[in-house]
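Here the structure comes first, spelled out in structure tokens, and everything after it is commentary.
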Amino acid sequence: MVNNQIIGARDTHLPPEDLDLVALRDNLLEQRLFRQEQLRQIAATARADAPGQRAVSQAEVRVQLAASARMVLADVDAALIRMDEGGYGVCGLCRRPIESERLAIVPQARHCTRCRQVREAGR
């Protein structure tokens with residue numbers, strides 16, 4: 001359950017009317033459960049594989065899926081920690097508020113749209 005005392009006690013740098021922390025936390029917790037279940041299913045599938053070339057290619061796909069799921073899970077966990085510590089909704093680079101529209105779509109976002117675009121352009 002959400003600890004309203006923690007959420008209410010810290011400044012998220014966003015007006016409360018622009019950011020529904022309860023809904024965002026619920027979304028993050030749902031994502032967390034989904035990724036944990038995804039990782040369990042990937043592991044179970046790997047144990048059930050029969051040897052052979054097809055199994056090797058399937059294993060490669062599973063490795064990539066598991067890596068992606070672990071990355072998203074880490075991002076979700078980090079967002080929940082930021083939420084508890086009062087830094088949620090603040091860009092990790094420019095320290096400005098992350099747009100509420102962006103958080104509604106990607107609640108684990110670490111950066112505002114502008115900083116994300118700059119980082120991606122630099123790749």
Side-chain angles (χ1 to χ4, degrees):
M1 195 70 200
V2 175
N3 185 339
N4 290 329
Q5 200 170 33
I6 290 174
I7 290 173
R10 298 207 166 79
D11 179 15
T12 63
H13 301 275
L14 293 174
E17 64 273 5
D18 289 343
L19 189 60
D20 183 355
L21 289 177
V22 173
L24 290 168
R25 180 181 290 276
D26 288 347
N27 186 318
L28 287 166
L29 292 172
E30 283 180 33
Q31 284 191 53
R32 188 171 195 275
L33 289 173
F34 173 79
R35 295 303 176 177
Q36 289 170 333
E37 180 59 28
Q38 184 181 30
L39 288 168
R40 277 191 288 276
Q41 288 177 1
I42 290 169
T45 304
R47 289 189 296 271
D49 272 351
Q53 183 60 36
R54 184 169 181 225
V56 171
S57 62
Q58 288 175 342
E60 291 172 2
V61 169
R62 270 195 309 280
V63 166
Q64 292 300 317
L65 285 173
S68 177
R70 281 191 295 275
M71 284 186 349
V72 173
L73 183 57
D75 287 345
V76 166
D77 285 340
L80 288 165
I81 290 168
R82 287 192 307 275
M83 202 175 266
D84 288 342
E85 293 178 349
Y88 183 78
V90 177
C91 179
L93 295 174
C94 71
R95 306 306 300 160
R96 286 185 261 209
I98 298 173
E99 306 84 358
S100 58
E101 297 84 11
R102 175 159 166 68
L103 290 172
I105 296 168
V106 185
Q108 69 270 24
R110 295 173 186 247
H111 304 109
C112 68
T113 302
R114 184 182 151 277
C115 288
R116 189 199 90 225
Q117 290 169 343
V118 169
R119 284 179 56 101
E120 288 179 359
R123 288 185 184 177

Item to check | Audit row: Gln117, Arg114, side chain to side chain donor-acceptor pair (under 3.5 Å) steps and yes/no | outcome: CA-CA 5 Å; Gln117 290 169 343; Arg114 184 182 151 277; over 6 Å; no
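Residues satisfying the salt bridge (Lys or Arg N to Asp or Glu O under 4.0 Å) criterion with Arg116, sequence neighbours excluded, are Glu120. Residues satisfying the salt bridge (Lys or Arg N to Asp or Glu O under 4.0 Å) test with Glu37, not counting sequence neighbours, are Arg40. Remark: Arg102 engages no residue in a salt bridge (Lys or Arg N to Asp or Glu O under 4.0 Å) (not counting sequence neighbours). Every residue meeting the side-chain contact (heavy atoms from CB on, under 4.5 Å) condition with Leu39, not counting sequence neighbours, appears here in chain and number order: Ala66, Ala69, Arg70, Leu73. For the side chain to side chain donor-acceptor pair (under 3.5 Å) test, no residue two or more places apart in sequence or in another chain qualifies with Ser68. Here Arg32 pairs with Asp77 under the salt bridge (Lys or Arg N to Asp or Glu O under 4.0 Å) rule; sequence neighbours left out. A search for side-chain contact (heavy atoms from CB on, under 4.5 Å) contacts involving Leu93 returns Cys91, His111, Cys115, Arg119, not counting sequence neighbours. Not counting sequence neighbours, the partners of Ala78 by the side-chain contact (heavy atoms from CB on, under 4.5 Å) test are Arg82, Arg110.
Closest of all the heavy-atom pairs between Ile98 and Ala109 is CD1-O, 3.5 Å. Pairing each heavy atom of Gly89 with each of Leu103, the nearest pair is CA-CD1, 3.8 Å. Residues Gln31 and Val72 approach most closely at OE1-CG1, 4.2 Å, considering heavy atoms.
Through direct or relayed side-chain contacts under 4.5 Å between Ile, Leu, Val, Met, Phe, Trp and Tyr, Ile105 connects to Val106. In this structure, Leu65 shares a hydrophobic cluster with Ile42, Val61, the cluster being traced through Ile, Leu, Val, Met, Phe, Trp and Tyr side chains under 4.5 angstrom apart. Other residues sharing a hydrophobic cluster with Ile81 under the 4.5 Å side-chain heavy-atom criterion for ILVMFWY residues do not exist; the residue is a singleton.
Linking ILVMFWY residues whenever their side-chain heavy atoms come closer than 4.5 Å, directly or via other members, leaves Phe34 and Leu29 in distinct clusters.
Side-chain N or O atoms of Glu99 include none that pairs as donor or acceptor with a backbone N or O of Cys112 at under 3.5 Å.
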